[in-house]
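All remarks here apply to the structure that follows.
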Amino acid sequence: MKVVKPRGTRDFPPRQMYERNHVGQMIESLFVRYNYQEILFPTLEHSQLFMIKSGEEIGEHMYVFKDKGGRDVCLRPEATASVCRMFVDSLQDLKKPIKVYYNCPMFRYERPQKGRYREFWQMGVELLGSGGCEADFETIYLACKSMEALGLEFTLEMGHIGVLRNLMADMGLDERVQDKVIYYLDAGEEDKLVDLVGEQTILDLVKLEGSDGILEKAGDVLEGYARAQKTIGELSDVVGLLDAQGVEYTINLGMGRGLEYYTGIVFEMRVEGLGAENQVCGGGRYDGLIELFGGPPTPAVGFAFGFDRVLDAMKEQGVVFPEREVDVLVAPVNRGVWADAFEIVSGLREDFVVEIDLLNRKLGRILDHGNDLGARFAVIVGPKDLSLGEVTLRDMSSGDQNTVRIKDLVEELSERLG
Ligand code: AMP
């Protein structure tokens, strides 16, 4: 009986895993240089964690089920709620700001298509405990630098949920209506706003999109709404810092995010060549979430890369992945030398990627296999050489061979492999 994998999930063969790990390590090394530390949280969470504030969109797409004890649990659909729960549980005593990152699979029961999976990986950061524009800036800047490090062309779009929420609060719209407005904006259903709120100022604000003069225009639209106007100031502070670093962006004051917990700046990054699912990164500020989970008021900001889409984008944009390298193939010429060959292999594996023939093949076949592997050198272990304390070292690309004393082998290989 053939059992297939669930729809929207994928297997990753070795070559793909090699590429994924390579890209993951590049991003991770940047996160680490920004002084982020890795964390992990459960794949399984109580459904309630995401029902509280992650929003309708996530709620609809969650994998929820009852465990054997009758509890409502789910496969995590995103990281931020888990990180906030974890902060309340165990991170509160750490010195602030707390900077953490993760790289793990998320699950959403969506209609699978190119770039949209039911199991997909997110790699992201959360910066907990700073409410300032400098934290917003550093987070956004890190996202941009990560894209650059991978050689990806991208666009950055920023909005500010707080401007819209403050405006709506000043107009007396309750939080439920506010959430709905933001949901419609995220879903690209602006037309529904007219019936829902009808207020011209809101409709004018969410249309403001572009690069030059948008914040000034917003200031005019928000005339008379002091709180919302002040919030525009927060956005211009971040923009000022991004300008100083030469980061390019557009501003979209009608940007909603599917996740309901955002309170401040929000941003998305897109890339060319991925079709409809071209958003590779989403993030923003969520100052109220930790408190909502029973923690002390703690401002926070973060982002997540859709890791699968980042990889797809690199392929689309022609970024070349390095080949995996096998440095040495060890070829025992007969069973009689196996013990010595395995000892040599064990020594070489301290420094190099080494394969040894495990199919008891003839020398010619072993060398063919070495070519298939792309091995740079073969070490041929035969009884005559061994009796002199030597092996034969063969350069697989030129075919040149010479004998080398076993005790000098590591040094010789180090030199020749560079
Ligand atoms: P979100 O948590 O919805 O803000 O998503 C953050 C990022 O995760 C998005 O920008 C996408 O790149 C990625 N993403 C979200 N949903 C999926 C999915 N179903 N399949 C693949 N990537 C996804």
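Worth knowing before you read on, the calculation uses all heavy atoms, side chains too, and leaves out hydrogens, waters and symmetry mates. Order of appearance sets the numbers: ligands from 1, and atoms from 1 within every ligand.
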Heavy-atom donor-acceptor pair, Thr9 side chain to Arg7 backbone, under 3.5 Å
no

Assign the ring pair Phe321 / His22 to parallel, tilted or perpendicular, where the plane angle (0 to 90°) is split at 30° and 60°.
perpendicular

Should the heavy atoms of other residues, nucleotides or ligands under 6.0 Å from CD of Glu412 be counted, would the total exceed 12?
yes

Decide whether a cation-pi geometry holds between Arg20 and Phe307; the criteria are a distance under 6.0 Å from NZ or CZ to the six-membered ring centre and an angle within 45° of the ring axis.
no

Strictly under 4.0 angstrom, heavy-atom based: which residues surround ligand 1?
Arg108, Glu110, Gly115, Arg116, Tyr117, Phe120, Gln122, Arg257, Leu259, Gln279, Val280, Cys281, Gly282, Ala304, Gly306, Arg309

Can you name the residues that form a salt bridge (charged side-chain N to carboxylate O under 4.0 Å, His left out) with Glu209, not counting sequence neighbours?
none

Do side-chain atoms of Gln317 reach the backbone of Glu153 as a donor and acceptor pair under 3.5 angstrom?
yes

